[in-house]
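Chain letters run A, B, ... following the sequence lines, proteins first, then strands; residues in each count from 1. Only heavy atoms go into these numbers, but all of them, side chains included; no hydrogens, no water, no symmetry mates. These numbers come from a predicted model, not from an experiment.
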Amino acid sequence: MNQLLSLLILIPLVGGVITYLVGRFNKEATKYSALSISIITGILFLLTLTKFNIKIGKYQLVEEYSWLNSIGSQILLGIDGLSATLVGLTILLTIVAIGMSWKKIKKKKKSYYPLLLLLEAGLIGVFLSLDFIIFFIFWEITLIPMFFIIAIWGGERRLYASIKFFIYTHLSSLFLLISIIAIYLHSPIQTFSIPVLTEITQTFSPQLQLMIFIGVFIGFAVKMPIVPFHTWLPDAHVEAPTPGSVMLAGVLLKMGGYVLIRVGYMMLPSAIDLAMPILAIISIVTMFYAGFVAMGQEDLKSLIAYSSVGHMGIVLFGVASMTVYGIAGGIYQMISHGLISALLFSICGMIKKDVGTRKISKLSGLAKETPTLTGILVFGSFAGLGLPSLSGFIAELTVFIGAFSTWEIYTILAIISLIVTASYFIWMLQRTIFGESQLNSKEINWKIEITSLIPLIILIIIFGVYPDLLFDYINPFVKLITSI
Amino acid sequence: MIAFHFLITSIGLVLIGLYGVITLRHPIKILMSIELILNAANINLVAFSTENLIGQGFASLVIAISAAEVCVGLAIVYNLYRLKKDIDVMEVNALKW
Amino acid sequence: MVMEYAWLIPVPLFIVFGINILLNKRLKNRTSGYLATGAVAFSFILSTLIFISSLLTGSKFHGSVTWFQLGEHVIKAGYLIDPVSSLMLLVVSLVSFLVFIYSLEFMEDDRSKPRFFGELALFSGSMTGLVLADNFLLMFIFWELVGLCSYLLIGFWMEKSEAASGSKKAFLITRIGDILMLSGIMLMFTQIGSFGFEETFNSFGQLSGDLQTITLLLLFGGAVGKSAQLPLQVWIPDAMVGPTPVSALIHAATMVKAGVYLLARISPLLSSSPLVTSIIAYFGILTALFGAYSALTQKDIKEILAYSTISHIGFMVFAIGVMGYSASLFHLFNHSAFKALLFLAAGVVITETGKHDITKMGNFWKRGKLVPIATLIGCLSLAGIPPLGGWFSKEMILTATMQGGNYILVSLFILASFLSPIYIFRWYSLIFSTNRRKKVGDKSSGYLMVLPIVALATIAGLAGLFNSSFNEWMPWSLHHGSHAILAIGSTLVVLTGFTLAILIYHLKLIDINRIKENTLFEILHKFSFNALYIDDSYTKLGFKAFSFSILASKFDDKYVDGVINAFGAFGRKVSSKSKSFDDIGIDGVVNGVADSIKFSSSLARKIQTGLVRDYSLWILIGTITILIILKISGG
Amino acid sequence: MQSLMLIISFLVLISALMVILSEDMVHSALFLIFSFGGVGALFLSVGAQFLGAIQILIYTGAVGVMMLLMIYFTSKEGKSIKREGKYSGIVLVGLLGFLILYPSISITREVGGTKGLTQNIGRLLFSDLLIPFEVISIVLLSAIIGATYIIRREDH
């Protein structure tokens, strides 16, 4: 049983094909097929975790198959603390996304669910591959299903948004590719293996590392996204269907963070060392800017989208501090933000279906109309603004503690941005849930959707109260990479 | 005996046969033209088999072949007639791209 | 030992919160209330036992478990029982218990009763958790949860727009303080490597002086936010839109005390930094003056009490600042009793009259004597009239101030305590005194609402008896100095204020309207009524922030996105130019090849007639061609 | 003999031309038979007795009769359809004729010589040409079966 990792990628991939074939016979059956496949993947992931030794920070369960030997590339899969948490997040959010699509996605089901599974396979592939070539292939694969999900099942301006999303992220990944090639060309050994190259790039001169890092930076800055590369995100989110937003905010943004750590931090430490103050300033600007822009939003969904931008700024801030705490907190923040933004986007989609609008100014009196959804919205908002006892707080706390030992003034500025975060969430709540209602909501039965959100809520609370559950995976990894 | 008139005859038959094949539209007539061409070949085979009898033997085989060909060809023509009630080869262009 | 089970105190409350929120609609309205009251009764009994055992034995207890691991550091979570926390536990659970009983009747007709009691239970649980916590991080978590409950409960009546803005204001303003406090905690952690109180106290001295000052000021910032000190006091008056039991419990008796509790907790650190303590003292006394001054002219029955709360917490903070920790805590205890009492009484008045404006009230004395007499005890205690609890705690604070020897502070303190009786007896007289022109409401409140008031009045009345034993029990000793003259003087000042208030508002011997005609008094009145315009300027600032955010979002739309779109447009233009080049040039070549093939193939296609006859024709032509070529090349 | 053969050749060519040109199908079939007969005479003139015999037997007898039979089956009026591209055909064929005739006009070889008796040809067919002979027999067999298959009626 040492093919667990490749199975993790293959099951959704093959499952997508099976789902498509099932869809040719019975359209209704696709969602059951997709759900069962994603759950099987989840079970397999749990099995993988039992084999995973949390005390070791290194890659484990490594699989190696020969592939493009002529250029030194091979299929190399491995899992460590960082990828384990992100793969877990991917699998969970895929199940949630399927739950959120259960009733809402009505057209072209037989191609929708396979795309979702393809997305899952691509994302798992990105997080598990240890070879730059297959990493990059998976990286690009994820764009395709997302593009179609936005372009076919999206809102009114879906074409504009999907093309913007595609061009933006694709262009940025080209910069990443350039950097990868640069690393490859400068390495004395002809290989694309990430673990091998990680050791080689350490020896590069700081100038060279910085040059390479610029490409990597553009790659992850667009993906995460960092101001001023963020403008694709609100458009994509506003136009994407709810499950699309869940996957986009929940996992796709994490690819940026993943590259930041895996390539940026682990491979090019001297470059980050040089760029540290700039990165800190950029991330603080991101936090403040996203906060203020979010405050001015009229659309509930784009407000949440901007909050994502702000939250990912914290990840950059943490990693740029180059401390154990900062990086651990950054990873924690990625997971936490994945859960929270998925929750918020789901709720937002349900509210839109229920009352027919997402305009904040028209939503007043929501509490009277849909008490349950309002409850979850309030919960999500407080989780988003970093209420202690919820997961976001632990992440922010850890990041800021890490950053404090690197910079003091910057950190205090960053902490002040939490007030901005709090104010736009609270002000949004003031305008939505309070007041007399002028809405007429439809009676929609949300049982399945709310059931699929329950794991998110429980995890947000558990990760907020008992952080060791995640830190057990993150800590050894972070200790290993910071000790280099 | 000088070969001249054999040559003239065979060439003449080939040309006439070819002319028939490319201009006529009646399948039976085309078959007739083909028979003329085959005959022209036979004339040459027979006339020039001076050293041994191989040429003549070959010509006898050609005759057998042409008999078979006519047999099948006429069957096709008859079938064509039965299907289309019209035996213009211009109409039988199922081979067209 | 009962102290080991202290961690059980918040547990039933959290469970009740979970039940009430999850089973919201399936739960009967009454059941939810009884459940919550039962849970809080349990916490009350347990807290009382702990308090008694702490009072008798004076022992401490500290229990902890490993919580999580952060890098090198293991973070522990635990609970700490000492005199300070056991006193706070008692205060919190006692007031909670009484307020819960009161709410059973007060909220009887409300449809969202399960939500109300659930949130109230969460509040009590978090507050006890805050008190129990043995480290800064755990304390901060509960600290924020308390803020969340405050937010939810102020906004309980969701359809009111004031509720929305009031709750927002409360959360955001306290959030500012919380952020400061969080910064302080993190700063401390990065230096010391632990969140625990004991570890921090042990190694705090190793930090540099500046760092100590900054950390302590940041922590004090948290207290300023939560305890509504200047300049973050603006949220309390607005918080009064919440249901009255909430005001009594959260915004008078417990939550706002969290800041004082925090300061008392970090008192070992404070005593090493005279700069910080003097800053705290000035903040406290200025807040006390501000609150008392603003309370003088308000009209809303609850807002007067709100400003009074600000003022009295100012006293407590001031007491911390002059190192009178036990004085501060004793005042905290007294204030919890009488302020909860006054709020509950205000609740009775509001339910019975349906009004909030005290200038339109009166004649309340006539409706049964129990509530007015209990309220009178509360007012006397608040005013600092001997021999009630308020007088004792005030005297203790004064003693501590005198030990500091700063006479500016002393005179400010006396001035503030002069104002207390005036505003509170204005309040009392306007509501309760006989006045023929004014009507009394026709509703009457039941025993569930009256009983807690009487109980609180008893406590407020008897609290003074324990002042010396309290002083001994507390970890900090406060010597009663030889300031008897000053004590008598300050009491006289208070009594003067009391007499003045009686003369003006009750006996109406001095006409207040004539005083108002004086320009100076008019200006003073205006400033007092508008609370020095601090709130208004904040609102303006808030609007500025908002308009800035609108600007920012427009900027984002127009410029950031615009730059990208401009790039896009540029790209489109270039591409359209290059497209024409492409069409004619590069594509032209490709298309030319393709077209020529297409053309020739369209010619060739014509050959493919499907007629064998035609094919033979082509064979013929081909043969001819080959022969011609052979002819030519062969010569 | 030589001049007789020339005349026969001439008649063969004329009748072959008439096969192509005559409007009536029956006429052209008859001209075809005549042309076959002429070719048979040419065979005999070079001593190919066996071939001359089977030329007359198979072509004029079997093939010619079959053609006539088929003409009666198929065309009710017995008229052939018009030709196409008369003149361009003539040009092309004339070109080819010129190209072939031009080099072969100078050939002055003797023809004939060996006697094509039946027994000689038979011996040849069963020795040197045995395999082609057997293949031809199979081809004939399959042609017969094929032809029968092609013209069978579907409804039977």
Side chains of Gln49(D) and Thr118(D) in contact at under 4.5 Å (non-hydrogen atoms): no
Leu141(D) versus chain B, the contacting section by heavy-atom distance below 4.5 Å: neither
Heavy-atom neighbours of Ile131(D) CD1 exceed 12 at 6.0 Å: no
Ring-ring centroid check Phe73(D) Tyr81(B), cutoff 6.0 Å: no
Top contributor to chain B interface from Gly122(D), Ser137(D), Gly97(D), Gly38(D) [non-hydrogen pairs under 4.5 Å]: Gly97(D)
Contact leader toward chain B among Val63(D), Leu42(D), Val12(D), where contacts are heavy-atom pairs under 4.5 Å: Leu42(D)
For chain D, the option from Leu13(B), Val14(B), Val77(B), Ile65(B) that forms the most heavy-atom pairs under 4.5 Å: Leu13(B)
Part of Leu61(B) within contact of chain D (heavy atom distance under 4.5 Å): both
Under 4.5 Å from any heavy atom of chain B - which part of Ser9(D): both
Closest non-hydrogen atom pair, Tyr59(D) against Ser66(B): OH-OG, 2.5 Å
Heavy-atom proximity to chain B below 4.5 Å, by part of Leu129(D): side chain
Contact summary for Thr60(D) and Gly37(D), nearest pair of heavy atoms: CG2-N, 3.6 Å
Contacting region of Leu124(D) [heavy-atom separation from chain B under 4.5 Å]: side chain
Pairs of heavy atoms under 4.5 Å with chain B: top-ranked of Leu6(D), Ile8(D), Val93(D): Val93(D)
Ile58(D) portion near chain B, given a 4.5 angstrom heavy-atom threshold: side chain
Atom group of Ala62(D) that falls short of 4.5 Å from chain B, counting heavy atoms: neither
Nearest-0.5 Å distance that lies between atom CG in Leu45(B) and atom CG in Asn39(B): 11.0 Å
Sidechain-backbone polar pair: Ser35(D) side chain, Phe31(D) backbone, donor-acceptor under 3.5 Å: no
Proximity breakdown for Leu125(D) and chain B, heavy-atom pairs closer than 4.5 Å: side chain
Residues forming a side-chain contact (heavy atoms from CB on, under 4.5 Å) with Ala64(B), sequence neighbours excluded: Ile136(D), Leu140(D)
Pairs meeting criterion ring-ring contact (aromatic ring centres under 6.0 Å, His included) with involvement of residues 119-152 of chain D, two or more places apart: Phe126(D)-Phe133(D)
Most contacts with chain D, counted as non-hydrogen pairs under 4.5 angstrom, among Leu18(B), Leu31(B), Ile22(B), Ile63(B): Ile63(B)
